[in-house]
Engineer: 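Take this structure first; my questions come after.
The figures here come from the full heavy-atom set of this structure, side chains too, leaving out hydrogens, waters and symmetry mates. Below, chain A is the first sequence line, B the second, and so on; all start at residue 1.
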Protein chains: 2
Amino acid sequence: MGKQRMNSRLDDFDCHILDMVQRNNLTTHRELADHINLSVPAVARRLQKLRSDCVIAKDISVLNPERVGNPLTLIVSVSIENEAVEQLNAITQRFLDCHQVQQCYYVTGDTDFLLMLSVYDMEECQRLTRSLFLDSGNVKRFRTAVSMRRVKVSMAVTLPRTP
Amino acid sequence: MGKQRMNSRLDDFDCHILDMVQRNNLTTHRELADHINLSVPAVARRLQKLRSDCVIAKDISVLNPERVGNPLTLIVSVSIENEAVEQLNAITQRFLDCHQVQQCYYVTGDTDFLLMLSVYDMEECQRLTRSLFLDSGNVKRFRTAVSMRRVKVSMAVTLPRTP
DNA sequence: CGTGAAAAATGTTTCGG
DNA sequence: CCGAAACATTTTTCACG
């Protein structure tokens with residue numbers, strides 16, 4: 001189930017469009033067109049292509065965790081015992097399946113995984129960590145840090161030039 | 001520059017809407033309405049309110065870092081020397097202003113900040129860390145982990161019930 | 001690739017319950 | 001608050017330069 005064709009590098013127009021929609025994807029084609037001096041159909045065509053080429057991965061509403069009852073953000077670094085492929089896949093899947101795991105990175109360094117959790121309170125956190133780490137059997141050590149302030153939370157990416 | 005009114009708890013309809021738009025906010029009002037058994041105007045009104053109440057923080061396109069030339073993701077934990085308010089604000093602002101800093105959390109524990117960087121290559125990473133940490137004068141220690149795999153990268157939040 | 005205009009789809013407002 | 005219908009805007013499609 002294949003990737004899309006990834007030919008056609010991004011030109012300045014594309015970068016400009018991307019730069020705008022990654023801030024607000026409800027911007028109308030007309031507004032985009034005006035800002036970058038292109039016609040509306042041209043913008044529409046480019047957007048369509050950027051989406052089908054998976055340059056734009058998805059279009060989403062970002063919610064306020066505080067406002068939907070998940071005021072607690074936690075960062076957990078996890079070291080595992082056994083790095084055999086199967087064991088690794090197992091625990092990876094475990095993280096993927098867990099709703100409270102917002103982000104998960106497999107990293108180099110003195111730890112193996114880095115997780116970002118979003119939960120309601122410490123009680124939920126403890127239940128979670130117990131089921132994710134203690135019951136897993138493959139976790140050597142985990143260290144939890146509580147986020148006191150989410151200074152910056154972005155999915156935005158710096159684009160080449162775009163003057 | 002006030003917060004919004006935060007009255008009115010979310011009912012099941014709201015949660016259902018949020019659950020859908022946080023996966024895809026280009027879903028049409030009609031489609032939303034059909035899925036949750038509500039009329040189109042009702043959905044529109046609710047969405048509008050969720051946005052003005054900042055339950056929905058923003059609406060964005062999420063880009064593929066690999067496809068726009070930032071294949072490297074790094075996680076950096078930073079310990080600072082001086083936690084006086086002014087110093088803290090200064091370095092916080094520094095992180096905020098840096099495009100490559102995608103996420104920044106101020107945390108408890110054996111480290112003070114946790115940063116997520118998105119860069120083109122190691123050379124850019126080194127330039128960045130130098131300017132952010134070494135030239136800052138207030139950084140005691142920083143430790144960089146390279147993400148070998150972005151297992152899960154979500155901004156989605158678990159919502160109360162929503163059956 | 002741009003333009004312009006028409007057609008289709010979507011979003012918004014009005015108003016009576 | 002809801003929903004039906006009228007209304008406004010946006011998106012898409014197309015023929016042509």
Side-chain angles (χ1 to χ4, degrees), chain A residues 4-64 67-69 159-163, chain B residues 3-64 67-68 155-156 159-163:
Chain A
Q4 243 72 13
R5 64 207 187 293
M6 56 129 262
N7 53 10
S8 76
R9 278 209 49 65
L10 307 173
D11 63 14
D12 285 353
F13 288 127
D14 289 325
C15 287
H16 221 124
I17 292 174
L18 291 172
D19 195 45
M20 292 187 74
V21 294
Q22 80 172 338
R23 293 209 194 87
N24 176 12
N25 75 335
L26 301 185
T27 315
T28 66
H29 295 174
R30 160 132 320 279
E31 201 173 335
L32 292 171
D34 288 348
H35 271 77
I36 70 185
N37 285 332
L38 215 61
S39 71
V40 170
V43 169
R45 273 193 297 263
R46 281 164 182 271
L47 266 175
Q48 205 170 337
K49 184 162 173 50
L50 289 169
R51 293 208 166 94
S52 72
D53 288 356
C54 285
V55 177
I56 294 177
K58 51 184 177 175
D59 292 89
I60 61 169
S61 295
V62 177
L63 311 190
N64 238 324
R67 295 287 174 95
V68 294
L159 295 166
R161 63 221 144 145
T162 310
Chain B
K3 292 300 177 86
Q4 244 70 13
R5 64 206 186 293
M6 56 128 262
N7 53 10
S8 76
R9 277 208 51 62
L10 307 174
D11 61 16
D12 284 354
F13 286 129
D14 289 324
C15 287
H16 221 124
I17 292 174
L18 291 173
D19 195 44
M20 293 187 74
V21 294
Q22 80 173 337
R23 293 209 193 87
N24 176 13
N25 75 335
L26 300 185
T27 315
T28 65
H29 294 173
R30 161 134 321 279
E31 200 174 336
L32 292 171
D34 288 348
H35 271 76
I36 70 185
N37 285 330
L38 216 61
S39 72
V40 170
V43 168
R45 275 191 294 261
R46 279 163 183 272
L47 266 175
Q48 206 168 339
K49 185 162 173 50
L50 289 168
R51 294 207 166 94
S52 72
D53 288 356
C54 285
V55 177
I56 294 178
K58 52 185 178 175
D59 292 89
I60 60 169
S61 295
V62 177
L63 310 190
N64 237 324
R67 296 284 175 94
V68 295
M155 292 275 94
L159 295 166
R161 62 219 144 153
T162 310

Engineer: I need the CZ-C1' distance between B/Phe13 and D/dC2, as an integer number of Å.
Structural biologist: 10 Å
Engineer: Once you round it to whole Å, what is the distance between P of C/dC1 and CG of A/Leu38?
Structural biologist: 8 Å
Engineer: Rounded to the nearest angstrom, tell me the gap between atom CG in B/Asn25 and atom C1' in C/dT10.
Structural biologist: 14 Å
Engineer: What are the two closest non-hydrogen atoms of B/Phe13 and B/Asn37, and how far apart are they?
Structural biologist: CE2-O, 4.2 Å
Engineer: Show the atom names and distances, to 0.1 Å, of all donor-acceptor pairs under 3.5 Å that link a side chain in residues 54-64 of chain B to residues at least two apart or in another chain.
Structural biologist:
unit_1: B/Asp59; atom_1: OD1; unit_2: B/Arg51; atom_2: NE; d: 2.8
unit_1: B/Asp59; atom_1: OD2; unit_2: A/Ser61; atom_2: OG; d: 2.6
unit_1: B/Asp59; atom_1: OD2; unit_2: B/Asn25; atom_2: ND2; d: 3.0
unit_1: B/Asp59; atom_1: OD2; unit_2: B/Arg51; atom_2: NH2; d: 3.0
unit_1: B/Ser61; atom_1: OG; unit_2: A/Asp59; atom_2: OD2; d: 2.6
unit_1: B/Asn64; atom_1: ND2; unit_2: A/Cys54; atom_2: O; d: 2.7

Engineer: Nearest heavy-atom pair of B/Leu10 and A/Arg67: which atoms, and what distance?
Structural biologist: CD1-O, 3.9 Å
Engineer: To the closest 0.5 Å, what do you measure between CD1 (A/Ile17) and CG (A/Leu50)?
Structural biologist: 6.5 Å
Engineer: Rounded to the nearest angstrom, tell me the gap between atom CZ in A/Arg46 and atom C1' in D/dT12.
Structural biologist: 18 Å
Engineer: Would you list the protein and nucleotides 15-17 of chain D atom pairs, both N or O, that sit under 3.5 Å from each other?
Structural biologist:
none

Engineer: Give the rounded distance in Å between these two atoms: CG of B/Leu32 and P of C/dT10.
Structural biologist: 12 Å
Engineer: Only counting residues at least two apart or in another chain, list the ones meeting side chain to side chain contact (heavy atoms under 4.5 Å, CB included) with A/Gln48.
Structural biologist: none
Engineer: Between D/dC2, C/dT3, C/dC1, which nucleotide gets closest to the side-chain atoms of A/Ser39?
Structural biologist: C/dT3
Engineer: Toss me the dot-bracket line for DNA chain C: Watson-Crick and G-U wobble, both under 3.5 Å, 5' to 3', using | for pairs to another strand and [ ] for crossers.
Structural biologist: ..|||||||||||||||
Engineer: Between A/Asp14 and A/Arg9, which heavy-atom pair has the shortest distance, and what is it?
Structural biologist: OD2-O, 4.2 Å
Engineer: So, for A/Leu159 and A/Gln22, which heavy atoms are closest and what is the spacing to 0.1 Å?
Structural biologist: CD1-NE2, 4.3 Å
Engineer: Rounded to the nearest Å, what distance is computed from the CG atom of residue B/Asp12 to the P atom of nucleotide D/dC1?
Structural biologist: 15 Å
Engineer: Rounded to whole Å, please give me the gap between CG in B/Asp11 and C1' in D/dC2.
Structural biologist: 13 Å
Engineer: Distance check needed: C/dA9 P versus B/Asp34 CG, whole Å only.
Structural biologist: 15 Å
Engineer: Just so I know, are the side chains of A/Asp11 and A/Arg46 near enough to count as touching, which here means a heavy-atom distance under 4.5 Å?
Structural biologist: yes
Engineer: Could you pull out the protein-nucleic contacts involving nucleotides 11-17 of chain C (nitrogen or oxygen on both sides, under 3.5 Å)?
Structural biologist:
unit_1: C/dG11; atom_1: OP2; unit_2: B/His29; atom_2: N; d: 2.9

Engineer: Kindly determine whether A/Leu38 and A/His16 satisfy side-chain contact (heavy atoms from CB on, under 4.5 Å), including the steps that lead there.
Structural biologist: CA-CA 11 Å; A/Leu38 215 61; A/His16 221 124; over 6 Å; no
Engineer: Could you list the residues that satisfy salt bridge (Lys or Arg N to Asp or Glu O under 4.0 Å) with B/Arg30, not counting sequence neighbours?
Structural biologist: B/Asp34
Engineer: Just to verify, what does B/Arg23 make a salt bridge (Lys or Arg N to Asp or Glu O under 4.0 Å) with, not counting sequence neighbours?
Structural biologist: B/Asp19
